[in-house]
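A short worksheet on the structure shown next.
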Amino acid sequence: MTETRTIAESRNFIEEAIDKDLIDGVYDHVATRFPPEPNGYLHIGHAKSILLNYGLAKAYHGTFNLRFDDTNPTKEKSEFVEAIKADVEWLGADFEDRLYLASDYFDIMYEKAVLLIKKGLAYVCDLSADEIREYRGTLTEPGRNSPYRTRSVEENLKLFEEMKNGVYADGSKVLRAKIDMASPNINMRDPILYRIAHLSHQNTGDKWCLYPMYDFAHPIEDAVEGITHSICTLEFEDHRPLYDWVVKNTEWPMPPRQIEFAKLYLTNVVTGKRYIKRLVDQGIVDGWDDPRLVTIAALRRRGFTPESIQLFVETVGVSKANSSVDYAQLEYCIREDLKLKRPRMMAILDPIKLVIDNYPEGQIEYLDAENNLENPELGSRSLPFGRELYIERDDFMEEPIPKYKRLYPGNEVRLMHAYFVRAVSCEKDADGNVTVVHATYDPETKAGSGFTGRKVKGTIHWVEATSAYHAEVRLYENLIDESKGVYNEDGSLNLNPNSLTIVPDAVMEPALKEAKGGDSFQFVRNGFFCKDPKFAAEGRAVFGRIVTLKSSFKLPQK
Ligand code: ATP
Ligand code: MG
């Protein structure tokens with residue numbers, strides 16, 4: 001009994017609704033879809049919708065369709081179609097051959113509109129856009145009937161056909177549903193079903209000058225494909241009565257059912273195609289895949305994995321209430337995913353030299369370094385060690401602050417995978433910046449030698465100087481710092497001036513020279529990094545930080 005209860009409790013409201021439909025025999029299977037409009041790149045919010053729909057199809061042994069909602073001929077581009085397909089595939093939502101275009105249903109939609117006219121449920125209206133708005137009424141006042149509402153079925157059929165045949169100019173006539181101008185739901189006040197637009201469409205060319213409105217097209221698209229559960233976001237809740245009206249009156253053997261959930265928003269970043277597009281158009285970011293964005297293309301370029309996005313979507317869950325998820329939750333998920341999967345390598349972002357005065361000049365030895373102490377399966381690598389090394393500037397202090405455990409004159413630390421070294425002195429430039437630290441090493445203390453003579457408190461990472469690989473590193477912060485407000489007074493986004501820091505000459509262990517675009521690593525103490533695949537394709541070696549190693553973030557208790 002306890003077990004059934006836990007299972008039931010862990011089901012979200014969408015699964016509960018589907019369970020009920022299956023038990024009641026409303027449907028005997030589950031068919032879902034993801035219906036993007038190809039007018040931009042997909043972002044993390046879409047990823048949630050994709051994985052939700054795909055996950056339900058999988059869980060119920062049903063089907064999952066990818067359908068381009070390409071009914072609006074003005075804004076859509078084939079560039080976006082290709083990018084969206086790639087993103088959905090990368091996320092792991094396998095649509096197999098179930099790829100559809102809403103524009104392929106234009107004929108069916110037209111026939112269904114004719115059916116509505118014949119049933120006396122739709123009419124051609126000559127009111128202008130302004131007049132239609134005025135007649136519609138407000139939230140507190142009912143609307144008024146259009147004077148064209150009483151046109152005969154015959155006249156409506158003739159006019160609608162003429163609209164299709166290009167007889168009328170854009171904006172001169174529309175087809176409207178005949179529902180109820182006094183409905184408390186404004187969406188039900190004789191909504192427009194079709195508008196005239198003499199525009200070419202990327203799929204249907206010049207075949208049509210009559211295009212369906214979303215509220216009419218979408219339910220028909222779902223019904224044609226035999227979708228059972230049409231899952232959409234909360235802003236369509238008020239449109240559901242119209243969705244139901246359309247599927248009922250256009251007569252389908254198995255009408256689909258719409259279920260709404262809350263959109264995913266993330267703090268400190270820009271979600272929403274419109275806003276992302278503006279940043280791209282203004283050149284504030286370098287394209288739709290700029291690693292500071294949360295488009296799927298950007299996340300992939302940054303080094304996020306499909307598994308980390310899946311984990312994120314799972315931990316966020318589905319809800320009926322709009323809210324913002326902390327960006328740190330996404331960071332937590334990529335850290336969790338990568339920590340056992342990736343080798344822990346050494347790279348120095350702000351290098352100074354460490355010279356080991358008692359190590360033989362010109363000698364290089366190779367040390368065995370385990371790739372990931374928590375995951376022996378990742379094996380080990382051979383690491384060059386010599387008299388001159390690079391270390392991080394902040395791993396040495398000439399005059400240590402209290403509790404400082406790293407290098408300072410007289411103090412001994414462990415060089416990771418190597419020996420103990422004791423700092424002796426340092427050299428400085430004219431400005432007083434440390435350039436070289438001198439130290440001595442103790443050959444007895446070699447890592448893996450079983451040395452137990454004494455212990456040291458600090459361990460630092462390093463890179464052998466003569467074999468070091470030099471490459472650019474990029475450090476990212478969120479595009480927006482919400483603590484200072486999302487918008488400026490003039491309505492523009494309050495951008496974080498530190499969202500990109502370029503480190504032109506970081507030094508790394510030589511093995512990183514072999515990295516390919518898209519390969520990712522943990523750089524000891526500095527975070528997880530990915531070799532930027534876009535720059536790699538241009539022949540540039542740039543390692544971008546995916547995420548730092550530490551966070552105070554804790555997964556919220558559900
Ligand atoms: P945007 O508001 O970013 O422009 P959209 O809703 O216009 O997005 P569509 O291509 O029309 O984008 O959406 C495809 C699907 O993705 C829809 O089912 C939509 O509800 C869903 N979706 C869009 N944004 C989010 C989000 N932030 N969270 C969850 N689902 C989303
Ligand atoms: Mg949209």
Side-chain angles (χ1 to χ4, degrees), residues 12-14 31-57 64-72 74-85 87-88 91 93 95 99-103 212-215 217-219 221-222 225 227 229-240 243 256-281 288 293-299 309-310 312-327 329-330 493:
N12 64 48
F13 69 95
I14 297 178
T32 63
R33 88 289 175 259
F34 174 66
E37 198 183 341
N39 62 353
Y41 281 65
L42 300 180
H43 52 65
I44 185 82
H46 296 114
K48 173 168 180 175
S49 178
I50 293 164
L51 293 172
L52 173 64
N53 279 292
Y54 176 72
L56 288 168
F64 168 74
N65 296 358
L66 174 60
R67 177 206 313 146
F68 286 102
D69 204 339
D70 59 348
T71 54
N72 185 345
T74 53
K75 294 183 293 183
E76 294 150 7
K77 283 205 211 139
S78 54
E79 172 203 351
F80 296 132
V81 169
E82 292 313 311
I84 290 172
K85 275 199 273 186
D87 287 347
V88 174
L91 275 176
F95 50 88
L99 175 68
Y100 302 99
L101 297 179
S103 56
M213 304 301 287
Y214 181 88
D215 281 335
H218 201 84
E221 293 159 27
D222 286 338
E225 290 175 16
I227 298 302
H229 297 87
S230 174
I231 296 163
C232 65
T233 40
L234 227 45
E235 71 273 23
F236 293 103
E237 198 167 23
D238 292 343
H239 298 241
R240 188 178 349 121
Y243 184 99
R257 163 159 142 73
Q258 174 178 307
I259 303 177
E260 310 86 17
F261 71 101
K263 271 196 173 178
L264 169 69
Y265 296 98
L266 265 185
T267 57
N268 297 317
V269 294
V270 186
T271 43
K273 247 181 277 185
R274 246 177 330 136
Y275 299 98
I276 297 175
K277 184 171 186 308
R278 208 177 299 157
L279 293 174
V280 173
D281 292 345
W288 285 92
L293 293 174
V294 286
T295 59
I296 297 175
L299 291 166
I309 313 271
Q310 286 155 12
F312 176 67
V313 166
E314 270 166 43
T315 58
V316 167
V318 289
S319 119
K320 268 276 186 195
N322 278 318
S323 67
S324 263
V325 176
D326 195 337
Y327 183 81
Q329 188 160 341
L330 181 61
L493 284 168

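Read the numbers this way: they start at 1 and go in the same order the structure lists the ligands and their atoms. Residue numbers start at 1 and run along the sequence shown.
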Ring center gap for Tyr41 and Phe80 short of 6.0 angstrom: yes
Ligand 1 contacted by Glu235 (non-hydrogen, < 4.0 Å): no
Check: Phe261 N/O within less than 3.5 Å of ligand 1 N/O: no
Contacting atoms of ligand 1, where contact means under 4.0 angstrom from a heavy atom of Thr233: 19 (C), 20 (O), 29 (C), 30 (N), 31 (C)
Gap separating the CD1 atom of Ile259 from the OG1 atom of Thr32, nearest 0.5 angstrom: 11.0 Å
Contact with ligand 1 for Tyr265, non-hydrogen, under 4.0 angstrom: no
Ring-ring centroid check Tyr243 His239, cutoff 6.0 Å: no
Shortest reach to atom 4 (O) of ligand 1 by a heavy atom, considering only Lys273, Arg67, Arg33, Glu37: Lys273
Option set Lys277, His218, Lys263, Lys48, criterion heavy-atom distance to atom 2 (O) of ligand 1, minimum: Lys263
Distance, nearest 0.5 Å, that separates CG of Leu264 from NE2 of His43: 9.0 Å
Shortest heavy-atom approach to atom 23 (C) of ligand 1 - which of His46, Glu260, Arg274: His46
Structural part of Phe236 in contact with ligand 1, heavy atom criterion under 4.0 angstrom: neither
Check: Ile231 main-chain N/O paired with Arg33 side-chain donor or acceptor under 3.5 Å: yes
Ligand 1 N/O within reach of Ile231 N/O, cut-off under 3.5 Å: no
Atom indices of ligand 1, in the order listed, that fall short of 4.0 Å to a heavy atom of Phe34: 14 (C), 15 (C), 16 (O)
Sidechain-backbone polar pair: Glu37 side chain, Thr71 backbone, donor-acceptor under 3.5 Å: no
Proximal ligand 1 atoms for Pro36, defined as those under 4.0 Å from one of its heavy atoms: 10 (O), 14 (C)
Spatial distance of atom CG (Leu101) from atom CG (Leu66) [nearest 0.5 Å]: 9.0 Å
Polar side chain donor-acceptor pair, Glu221 to Tyr214, under 3.5 angstrom: no
